[in-house]
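The structure under discussion appears below in the form of structure tokens.
Whatever order the structure lists ligands and atoms in, that order sets their numbers, starting from 1.
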Amino acid sequence: MTRCPDFDRIIDRGSLPGEKWARYAGRDILPLWVADMDFAAPEVVLEALRARLAHGVLGYTDPWPSLVEAVIDGIARDHGWRVQADWLVWLPGVVSGLNLACRATGEPGDEVFTATPVYPPFLSAPENSTRRLVSRPLVLDGGRWSWERDAVEAAIGPRTRLFLLCNPHNPVGRVFDRDELSWIADLAERHDLVICSDEIHCGLVLDEQRAHLPIAALDAAVARRTITLMAPSKTWNIPSLYCALAIIPDAGLRRRFRAQMRGIVPHVNLLGLVACEAAYRDGGPWRAALLEKMRANRARVAEAVAAMPGLHSVAPEATYLSWIDCRAAGLEKPAAFFEAGGVGLSDGAPFGAPGFVRLNFGCPPSILDSALARMASALHTRR
Ligand SMILES: Cc1ncc(COP(=O)(O)O)c(C=O)c1O
């Protein structure tokens, strides 16, 4: 019988190395920044890892048939898209995939488009690859983060080769709908762009009336120009196992992508592959329980932030991240301000949006409530 995951239990992470909690070691600051959760990985994943470790021999290992089958079936089951085994390119991380996509499209000096705010590696990948970044902001339209279609269209020039899409979106939490994705697909068709769609958060859709739609699942034409990046890392909270995949239906694009990897990008580590198989095949019940918990945490954040003077946020449709506008609060550096008040958040500036902070609510509710109370108190007691 599978045990019910306990998302209320506080697991001491401060006593072990780990980015999220080590940043504030020895200081009374609750870390709600980097995007991992303070929960143990699913028991089915841990069991698979234990079983593999018990064998003892950790030799070079390529992805194997039951792993590939679990991933293909999992994507079909959860996202309605049946991909083919030869479309898969295994990667030791999604950020590698973003950078490889930049290198695999166009020439040095060509342009890569993305919309801000966005997960910072989207903004650095073009320059890492001697491409030029072109960006336009997402805008709040009727209380929802949206594309300003004319401005995006106008930003695409003759040297733009790649559209970097984040869906579901980090940090604004949008799950882009069929109409928005069809518009992006059409734009890419008209300007002959490759689309690299980072869908790492696709297992974390919180709104029950919404579903993640992979842009490449729209039709065969858009699939041919798309590199989709997925991973079990965010949904099942195993990011340090570094296992991800690019799904590239077009053989030519796949060849160009693989050519950039040659001799540089290592194979995925064995434990990442083992965990990936267990997560995609058996991680459904854990994911369902997690989503329920995250819906409740999202509501806690929404209620608390609504009562904080000068702060404004829109509840994310997906992810365990809240994007909070602090510009009306008159805080010069909002992340530093809240850090001084005992809460570690991600500053908006590296996402291309100074004046905002990103709050990670992937933690037990008791920690979240303490952090929200600290934020409120910092705002109310400031001079
Ligand atoms: C949109 C997005 N892409 C990629 C990553 C990181 O991917 P990886 O650790 O597999 O490189 C993150 C982590 O927060 C993310 O939010």
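Residue pairs meeting the ring-ring contact (aromatic ring centres under 6.0 Å, His included) criterion with at least one partner in residues 168-196, sequence neighbours excluded, are W147-F176, W147-W183.
Distance from atom 6 (C) of ligand 1 to its nearest protein heavy atom, with residue and atom name: Y119 OH, 3.2 Å. Protein heavy atom in closest approach to atom 11 (O) of ligand 1: V95 N, 2.9 Å. Counting protein heavy atoms only, atom 8 (P) of ligand 1 is closest to V94 N, 3.4 Å.
A salt bridge links R161 with D110: at least one charged nitrogen is closer than 4.0 Å to a carboxylate oxygen. Using a 4.0 Å cut-off between charged nitrogen and carboxylate oxygen, D186 and R190 count as a salt-bridge pair. Here E43 pairs with R50 in a salt bridge; the nearest charged N to carboxylate O distance falls below 4.0 Å.
Contacts of D198 with ligand 1, taken as heavy-atom pairs under 4.0 Å, involve the side chain alone. For P239, no heavy-atom contact with ligand 1 is shorter than 4.0 Å. Using a 4.0 Å cut-off between heavy atoms, N170 contacts ligand 1 through its side chain alone, with no backbone atom that close. With a 4.0 Å cut-off on non-hydrogen atoms, A35 touches ligand 1 through its side chain and not its backbone.
Heavy-atom contacts of G93 reach the following atoms of ligand 1: 10 (O), 11 (O) (cutoff under 4.0 Å). For ligand 1, the atoms lying closer than 4.0 Å to a non-hydrogen atom of K234 are 12 (C), 13 (C), 14 (O). The contact set between ligand 1 and C166, taken as ligand atoms under 4.0 Å from a residue heavy atom, comprises 1 (C). The distance from ligand 1 to the heavy atoms of Y242 drops below 4.0 Å at these ligand atoms: 9 (O). Those atoms of ligand 1 that come under 4.0 Å of a heavy atom in H201, given as number and element, are 1 (C), 15 (C), 16 (O).
Using a 4.5 Å cut-off between side-chain heavy atoms of Ile, Leu, Val, Met, Phe, Trp and Tyr, with links allowed through other members, I247 and L213 fall into different hydrophobic clusters.
Applying the 6.0 Å contact sphere to CZ of R300 captures more than 12 heavy atoms from other residues, nucleotides or ligands. No more than 12 heavy atoms of other residues, nucleotides or ligands shown are found within 6.0 angstrom of CG on D150.
F351 and W323 have tilted rings, their planes meeting at an angle from 30° to 60° on a 0 to 90° scale.
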